[in-house]
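We name chains A, B, ... by the order of the sequence lines, and we start the count at 1 in each one.
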Amino acid sequence: MKLMTWNVNSIRVREARLLRLLEAARPDVVCLQELKVVNEAFPFEALRDAGYHAAVHGQKTYNGVAILSRLEPEGVERGFGDDEDDEQARLVAARIAGVHVASVYVPNGAEVGSEKWAYKLSWMKRLRHWLDRRFARPDLVALCGDFNVAPEARDVSDPDAWEGSVLTDPEARKALQDVRAFGLVDSFRLHHEEPGFYSWWDYRMLGFPRNKGLRIDHIDLSGPLAERCTGASIERDERKGKQPSDHAPVIAELDL
DNA sequence: ATGGTTGCTTAGCAA
């Protein structure tokens, strides 16, 4: 199974790029984030013509997540379904070929100490609780998406410049560790130890031309799935050219 | 250097 995750930053604007990418990379499953459309405006037809089913949890203007799959997704869930479930569409999950796949868009957090920052941290706690409620350790779980956290210094182009950012703050990193402590590993780091790999570059300040990036998009796998992970990569070229997303797609290969 | 760009929506927010 070729599993991909991509923050498209508007499915409307990125539809043509997405269709080209599907044809070129031929992934089996794709987790999308930041659709910025309601379900009714999602391009179901174009994607069906390209050979993909879609489980969509959309929202007007902000957020919105989806899972594309060649096989029909089963048991689709939208949101945490917990007591404090809210209107922000940041989680969709489904079962595909026995793998529990989730597409997540973790809140950015704006500024450390802000209201949005508190929401980010609490959302990540809810994500861990959702994993605990929903899955058992032997399950095949793939948690994919924009986590808005660079796990370590080697995931940041200029750690000093990013000191104090919501993407690198120790508390955010701890929150990510707490999610992963469910029993998930960063698939990319199974195959690449060295620094210099990023998945997001700011549109501003020539972020991409200067390669001022961070690795904040991840495919986290449960133990039994990690054992079957034969490769991982970042489609850096997708950040190039006209009207790119500010994120590049991330891929994990699973031998199922 | 508190800058700069993109998307949604139409002046301001979110990232």
Side-chain angles (χ1 to χ4, degrees), chain A residues 5-21 31-43 46-47 56-66 79 86-92 103-124 127 144-151 155-169 171-173 175-176 198-218 234-250:
Chain A
T5 185
W6 190 24
N7 179 324
V8 291
N9 186 18
S10 167
I11 188 69
R12 265 193 253 268
V13 176
R14 231 61 66 194
E15 181 180 335
R17 266 186 182 261
L18 175 61
L19 292 170
R20 279 203 304 276
L21 180 65
C31 294
L32 301 175
Q33 300 86 36
E34 281 211 85
L35 304 176
K36 300 187 174 182
V37 294
V38 294
N39 286 20
E40 291 69 30
F42 187 84
L47 288 163
V56 181
H57 187 25
Q59 182 186 329
K60 181 180 159 69
T61 311
Y62 303 118
N63 310 316
V65 287
D86 53 50
E87 69 291 335
Q88 296 198 27
R90 295 180 176 276
L91 169 73
V92 63
S103 178
V104 300
Y105 177 43
V106 174
N108 171 283
E111 297 283 335
V112 172
S114 67
E115 209 168 294
K116 291 196 175 81
W117 170 248
Y119 180 70
K120 176 180 194 169
L121 296 177
S122 89
W123 199 93
M124 293 178 83
L127 178 58
C144 318
D146 176 0
F147 286 74
N148 269 313
V149 180
D155 301 309
V156 183
S157 55
D158 184 351
D160 290 341
W162 285 94
E163 178 101 32
S165 155
V166 292
L167 306 178
T168 63
D169 185 90
E171 217 177 335
R173 287 177 167 164
L176 177 60
Y198 313 123
S199 67
W200 171 83
W201 300 259
D202 203 315
Y203 284 128
R204 299 164 290 185
M205 304 289 283
L206 300 173
F208 187 68
R210 292 176 174 165
N211 200 26
K212 295 289 185 194
L214 289 85
R215 198 175 65 87
I216 59 175
D217 300 88
H218 310 296
I234 299 175
E235 293 291 297
R236 191 179 186 282
D237 285 353
E238 185 53 51
R239 183 63 175 75
K240 299 176 179 173
K242 238 176 95 92
Q243 283 196 303
S245 168
D246 44 354
H247 296 254
V250 175

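- Comparing A:Glu34 and A:Arg210, the nucleotide of DNA chain B nearest to each residue sits closer to the 5' end for A:Arg210.
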What donor-acceptor contacts under 3.5 angstrom involve side-chain atoms of residues 206-215 of chain A, with partners at least two apart or in another chain?
from     : atom 1 : to       : atom 2 : distance (Å)
A:Arg210 : NH1    : A:Met205 : O      : 3.4
A:Asn211 : OD1    : A:Trp201 : NE1    : 2.9
A:Asn211 : OD1    : A:Arg236 : NH2    : 3.2
A:Arg215 : NE     : A:Asp155 : OD1    : 2.8
A:Arg215 : NH1    : A:Asp186 : OD1    : 3.3
A:Arg215 : NH1    : A:Asp186 : OD2    : 3.2
A:Arg215 : NH1    : A:His218 : ND1    : 3.4
A:Arg215 : NH2    : A:Asp155 : OD1    : 3.1
A:Arg215 : NH2    : A:Asp186 : OD2    : 2.7

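- Residue A:Met205 is the one, among A:Met205 and A:Lys36, whose nearest nucleotide of DNA chain B lies closer to the 5' end (criterion: closest heavy atom).
- Across all strands shown, A:Arg14 has heavy atoms under 4.0 Å from sugar-phosphate atoms exclusively, and none from any base.
- Whole-Å rounding puts the A:Asn9 CG to B:dC13 P distance at 18 Å.
- Using a 4.0 Å cut-off, some side-chain N or O of A:Ser10 falls inside it from OP1 or OP2 of B:dC8.
- Spacing of C1' atoms, B:dT6 relative to B:dA11, comes out at 16 Å, to the nearest Å.
- With rounding to whole Å, A:Arg239 atom CZ is found 10 Å from B:dT5 atom C1'.
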Exercise for the section: Check the pair A:Glu238 / A:Ser245 against side-chain contact (heavy atoms from CB on, under 4.5 Å), numbers first and verdict last. Expected result: CA-CA 8 Å; A:Glu238 185 53 51; A:Ser245 168; over 6 Å; no
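- A gap of 26 Å separates the P atoms of B:dG7 and B:dT2, to the nearest Å.
- One C1' atom belongs to B:dA14, the other to B:dA1, and the distance between them is 23 Å to the nearest Å.
- At a threshold of 4.0 angstrom between heavy atoms, the contacts of A:Phe208 with the nucleic acid are absent.
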Task: Trace of the side-chain contact (heavy atoms from CB on, under 4.5 Å) decision for A:Ile216 with A:Asn7 - done: CA-CA 10 Å; A:Ile216 59 175; A:Asn7 179 324; over 6 Å; no
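- The separation between A:Leu35 atom CG and B:dA15 atom P is 15 Å, rounded to whole Å.
- Between B:dG4 and B:dT9, the two P atoms lie 25 Å apart (nearest whole Å).
- Between the CD1 atom of A:Ile11 and the C1' atom of B:dG7 there is a distance of 14 Å, given to the nearest Å.
- Between the C1' atom of B:dC8 and the CG atom of A:Asp246 lies a distance of 14 Å, rounded to the nearest Å.
- Judged purely by atom type and a 3.5 angstrom limit, A:Arg90 has no side-chain atom pairing as donor or acceptor with the backbone of A:Gly79.
- Between A:Tyr62 atom OH and B:dT6 atom P the separation is 18 Å, expressed in whole Å.
- One atom, CH2 of A:Trp117, and another, C1' of B:dA14, lie 17 Å apart when rounded to the nearest Å.
- Phosphate proximity of B:dT9 to A:Thr61: present, with a side-chain N or O under 4.0 Å from OP1 or OP2.
- Between the CD atom of A:Glu111 and the P atom of B:dA15 there is a distance of 12 Å, rounded to whole Å.
- At B:dC8, none of the side-chain N or O atoms of A:Lys60 fall inside 4.0 Å of OP1 or OP2 (strictly under the cut-off).
- Pairs of residues two or more places apart, or lying in two chains, that qualify as side-chain hydrogen bond (donor to acceptor under 3.5 Å, both in side chains) and include a residue from residues 111-121 of chain A are A:Asp86-A:Tyr119.
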